[in-house]
Number of protein chains: 2
Amino acid sequence: MLNLRVKKTIFVFSALILALLALFQVSKYSYARGNASIEAIIAVVAVVFLFIGLYINKSRSKKVVTPTNRAVNHGKIEELGLSKREYEVLLEISKGLSNKEIGEKLFVTESTIKTHVSNILVKLDVKRRTQALQKAKELQIIPV
Amino acid sequence: MLNLRVKKTIFVFSALILALLALFQVSKYSYARGNASIEAIIAVVAVVFLFIGLYINKSRSKKVVTPTNRAVNHGKIEELGLSKREYEVLLEISKGLSNKEIGEKLFVTESTIKTHVSNILVKLDVKRRTQALQKAKELQIIPV
DNA sequence: ACGGCACTCATACGAAAGTACCATTCCAAT
DNA sequence: ATTGGAATGGTACTTTCGTATGAGTGCCGT
């Protein structure tokens, strides 16, 4: 199963290769007809390849950076059976909010938040919210 | 005050500019004498600039990655007036332990831990232990 | 010797957090 | 149309957390 990122990468690289071929053809053609200076062609090629270099490394460094810190593992969230709302609550807990404050922020009562928190604790198999944070960090389901 | 990094950057870019000028001169010269094909020149330029692009982005992405994560800022701890023991307790909190559990781990009573926690909260200027964790992360005084 | 600080501990109280159950509503899948 | 999950919320109760206050001990520096 090809995910979105892979598809996008393939598309971008295909486009890139086509652009390069086109560029070479144009430069050759212009040169043959003598209506373009060699310096101009070289300058264009230089700029284009400079940007290609920048682009390649950007996507590569992103790939290197991502697994180390931030970035959320959505698979794990589903695996744990955490619902959307429960995950929202978990995020607010990680910001240090009390149940009451979370309720105000999400426009529900403290009771509701307590229910959610209780369910979160069960699903993460922990006893306290601080423990839940520790575990969530371990599982990389909350941003660092 | 120029630090090492800035000096290095200036040096690298100077060298880069010189190299470019040299490259242009060589290509012009070769072309004038007719002993180099235009395609070869373009290819060389392309490769060189591709690597330049790669290089620029490598140093840039390193700069982005490095300062973000782990490593404890000891200066901040002193600045906050956190005592050694208080900091120990803070670390245990970040592991998700209850006051009672922390007491057992550090061989003191829960009362003592409560006192420490209270002092920590005051010094970090927060109301709850979860908030303390959030703030401690911000200040980079606990490992991520 | 004295003051100040870190660390320890206790009691008492109030505020959050968490548990257990139950009930209602709504939406989506069968 | 029925069912099951998700979200909501309420009551009642227990546990944990946090505050306030006071107090004892030991150490370090003046």
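In what follows, every chain begins at residue 1, and chains take the letters A, B, ... in the order their sequences are listed. Since we're looking at a predicted model, the values are computed, not measured.
- Between B/Arg129 atom CZ and D/dT16 atom C1' the separation is 8 Å, expressed in whole Å.
- When only modelled atom types and interatomic distance are considered, A/Thr112 and A/Thr109 share a side-chain donor-acceptor pair under 3.5 Å.
- Between A/Lys76 and A/Glu79, no side-chain nitrogen of the basic residue sits less than 4.0 Å from a carboxylate oxygen of the acidic one, so the salt-bridge criterion is not met.
- Rounding to whole angstrom units, CD of residue A/Gln131 and C1' of D/dT15 are separated by 15 Å.
- Between A/Thr115 and D/dT8, a side-chain N or O to OP1/OP2 separation shorter than 4.0 Å is absent.
- Straight-line distance from the CD1 atom of A/Ile113 to the P atom of D/dT8: 7 Å, rounded to whole Å.
- For D/dA7, the OP1/OP2 oxygens have no side-chain nitrogen or oxygen of A/His116 closer than 4.0 Å.
- Of all heavy-atom pairs between A/Arg129 and A/Leu97, the closest is NH1-O, 3.0 Å.
- Using a 4.0 Å heavy-atom distance criterion, B/Ser111 is classed as a base contact.
- The distance between atom NZ of B/Lys127 and atom C1' of D/dT16, rounded to the nearest whole Å, is 19 Å.
- Per the geometry, CG belonging to B/Leu133 stands 10 Å off P belonging to D/dG18, to the nearest Å.
- When each of B/Asn119 and B/Thr130 is assigned the nucleotide of DNA chain C with its nearest heavy atom, B/Asn119 is the one assigned upstream, toward the 5' end.
- Contact check, B/Ser83 against C/dC5: no side-chain N or O comes under 4.0 Å of OP1 or OP2.
- If you check C/dT8, D/dT19, D/dT8 against the side chain of B/Arg85, the one that comes closest is C/dT8.
- Spacing between atom CG of B/Leu106 and atom P of C/dT8 amounts to 8 Å, rounded to whole angstrom units.
- Distance B/Glu110 CD to C/dC9 P: 12 Å, rounded to the nearest Å.
- Note on B/Lys95 versus B/Glu92: salt bridge recorded, some NZ/NE/NH1/NH2 to OD/OE distance being below 4.0 Å.
- If you find the closest nucleotide of DNA chain D to A/Lys123 and to A/Thr109, the one lying nearer the 5' end belongs to A/Lys123.
- Residue order along DNA chain C, read from the 5' end via each residue's closest nucleotide, puts B/Gly81 first among A/Asn99 and B/Gly81.
- Counting to the nearest Å, the P atom of C/dA15 and the NZ atom of A/Lys100 are 10 Å from each other.
- Counting non-hydrogen atoms under 4.0 angstrom, B/Ser98 reaches the backbone sugars and phosphates but no base.
- Counting only heavy atoms from C-beta on, B/Leu121 has its side chain closest to D/dT19 among C/dT8, C/dA17, D/dT19.
- For A/Glu138 and A/Lys135, the salt-bridge test fails: no basic side-chain N is under 4.0 Å from an acidic carboxylate O.
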